[in-house]
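Everything on this sheet refers to the single structure shown next.
It should be emphasised that the depicted structure is a prediction, and the values quoted were computed from it without experimental measurement.
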Amino acid sequence: MTGIQAERRLLLVHAHPDDETIGTGATMAKYVAEGAHVTLVTCTLGEEGEILVEDHAHRAADRDDTLGEHREIELAHAMAELGVTDHRLLGGAGRYRDSGMMGTPDNDDADCFWRADLLAAAVDLVPVVREVRPQVLVTYDDFGGYGHPDHIQAHRVATYAASLAAAPSFRPDLGAPWEIAKVYWTAFPKSVVRQGIDALRAAGDTSGFAAMDPDDLPFACDDDLVTTVVRAEDHVDRKIAAMRAHATQISVEDGFFALSNNLGSRALGAEHYRLVKGAPGGPRDDDGRETDLFGGL
């Protein structure tokens with residue numbers, strides 16, 4: 001029997017350090033504050049990430065190749081800001097390497113997550129599911145949100161592991177079977193993205209993100225697919241602090257997440273999801289969307 005006694009238990013499976021904070025940080029902080037047990041599993045250390053801080057440029061994969069170990073430290077600091085005490089690396093630190101963006105040579109690295117055997121990676125996650133016994137699982141959609149190979153693989157691994165963990169005859173040595181009641185995919189509604197772009201343009205920014213069309217952005221999700229929104233504005237400060245902890249990867253000084261972009265800052269506190277397993281329940285907002293991932297349980 002697990003030692004986790006919290007009545008509500010949430011498991012999130014993300015690809016790299018910082019993904020959890022950008023897409024689900026406020027949700028995580030909210031449920032921690034409400035007494036839920038929140039478990040984060042991160043699949044890689046993000047060794048191939050672009051580095052925004054010049055002092056850490058030497059850590060790049062084509063130089064010292066030490067970015068992963070630094071991002072592990074950033075992840076720990078970010079989780080401390082969110083109040084998450086249960087965060088794990090799939091299979092242990094360094095088990096699966098960041099695969100880089102789709103179509104790059106890094107995709108061919110035998111050690112990268114994209115090339116991992118699906119069953120082997122899922123078996124690394126099954127004991128976590130059976131230990132934590134989450135009622136709710138959060139991961140990406142089948143496109144990984146925006147097509148990154150590690151995000152796609154995280155979706156596949158989480159989905160497969162959830163199925164295997166529920167099967168009584170599968171690897172009983174990994175713990176008692178557990179069926180996850182509700183599964184969600186993260187979502188960024190096009191309407192929210194469009195408002196953020198409009199706000200940047202109104203502030204005089206016409207480059208980068210501000211120059212894009214939401215209909216052309218692969219991570220922007222059609223609004224009618226979004227079933228659920230977790231409004232956690234009271235926890236935005238924690239999310240921003242966690243974003244700052246991921247300093248090599250995230251800037252809150254410019255772009256959509258800039259603190260000077262009022263809409264972007266407010267958007268940080270409303271996180272959206274697509275319910276793909278289980279029945280919706282609990283309170284709804286004016287758009288008819290669920291407002292609690294545990295609703296109906």
Side-chain angles (χ1 to χ4, degrees), residues 6 9-47 49-53 55-56 59 67-90 93 98 134 136-140 145-146 148 150-151 154 184 186-188 192 196 209 219 229-273 293:
R9 300 173 300 278
L10 169 64
L11 171 65
L12 304 99
V13 178
H14 280 283
H16 316 102
D18 83 349
D19 290 328
E20 82 295 323
T21 296
I22 293 172
T24 58
T27 297
M28 296 166 73
K30 168 185 165 66
Y31 284 116
V32 166
E34 293 178 357
H37 186 93
V38 175
T39 300
L40 169 68
V41 173
T42 306
C43 297
T44 82
L45 289 173
E47 295 92 340
E50 296 182 13
I51 300 173
L52 301 180
V53 181
D55 287 348
H56 291 287
R59 297 184 181 278
L67 179 59
E69 62 189 49
H70 183 74
R71 292 187 72 176
E72 184 177 3
I73 295 170
E74 289 185 333
L75 177 62
H77 290 164
M79 292 306 94
E81 296 291 355
L82 298 179
V84 175
T85 58
D86 186 6
H87 54 94
R88 316 176 188 204
L89 293 163
L90 184 67
D98 183 353
V136 177
L137 167 66
V138 170
T139 190
Y140 313 109
Y146 69 106
H148 192 295
D150 287 335
H151 287 238
Y184 290 91
T186 56
F188 289 90
V192 173
F209 185 74
F219 64 83
V229 56
V230 175
R231 306 208 67 91
E233 286 85 351
D234 291 346
H235 302 279
V236 166
D237 288 348
R238 282 184 171 272
K239 179 171 180 174
I240 291 172
M243 292 173 73
R244 289 189 186 278
H246 288 295
T248 63
Q249 305 299 305
I250 304 174
S251 172
V252 295
E253 307 308 325
D254 51 38
F256 181 76
F257 294 131
L259 300 185
S260 58
N261 176 6
N262 187 49
L263 180 75
S265 299
R266 286 187 288 110
L268 294 177
E271 295 171 342
H272 299 79
Y273 302 90
L293 300 183

To check you understand the geometry: which heavy-atom pair defines the closest contact between [X] and [Y], and what is its length?
X      : Y      : result
Leu89  : Thr44  : CD2-O, 4.3 Å
Val13  : Thr139 : O-OG1, 3.2 Å
His87  : Ala76  : CE1-CA, 4.0 Å
Gly269 : Ala26  : CA-CB, 4.3 Å
Tyr31  : Leu293 : OH-N, 2.9 Å
Gly83  : Arg238 : N-NH1, 3.9 Å

- Taking atom OG of Ser251 and atom NE2 of His246, what is their separation to the nearest 0.5 Å? 14.0 Å

- Note on the structure: dist Lys239:NZ -> Ile22:CD1 (nearest 0.5 Å) comes out at 8.0 Å

- Task: Using the test side-chain contact (heavy atoms from CB on, under 4.5 Å), find all partners of Ala241 that sit at least two apart in sequence or belong to another chain.
- Result: Glu81

- Could you pull out all residues at least two apart from His70 that satisfy side-chain contact (heavy atoms from CB on, under 4.5 Å)? His56, Arg59, Glu74, Thr248

- Could you check if a side-chain atom of Asp18 sits within less than 4.5 angstrom of a side-chain atom of Arg71, using non-hydrogen atoms only? yes

- Item | Validation row: Leu40, Leu75 side chains within 4.5 angstrom (heavy atoms) | yes

With sequence neighbours excluded, what pairs up with [X] under the side-chain hydrogen bond (donor to acceptor under 3.5 Å, both in side chains) test?
X     : result
Thr27 : Glu271, Tyr273
Thr24 : His14
Thr39 : His37, Asp86
Glu34 : Arg8, Lys30

- Task: Give the C-alpha distance, both sets of side-chain angles, the deciding distance and a yes or no for side chain to side chain contact (heavy atoms under 4.5 Å, CB included) between Thr21 and Leu82.
- Result: CA-CA 9 Å; Thr21 296; Leu82 298 179; 4.2 Å; yes

- Message: Using side chain to side chain contact (heavy atoms under 4.5 Å, CB included), reason through Asp98 and His148 one step at a time and then give a plain yes or no.
- Response: CA-CA 10 Å; Asp98 183 353; His148 192 295; 3.9 Å; yes

- May I ask you to check whether His151 and His16 place their ring centres under 6.0 Å from each other? yes

- Task: May I ask you to decide if Gly68's main-chain N or O and Glu47's side chain share a donor-acceptor pair within less than 3.5 Å?
- Result: no

- Apply side chain to side chain contact (heavy atoms under 4.5 Å, CB included) to the pair Met79 and Glu20, showing each step before the final yes or no. CA-CA 9 Å; Met79 292 306 94; Glu20 82 295 323; 3.5 Å; yes

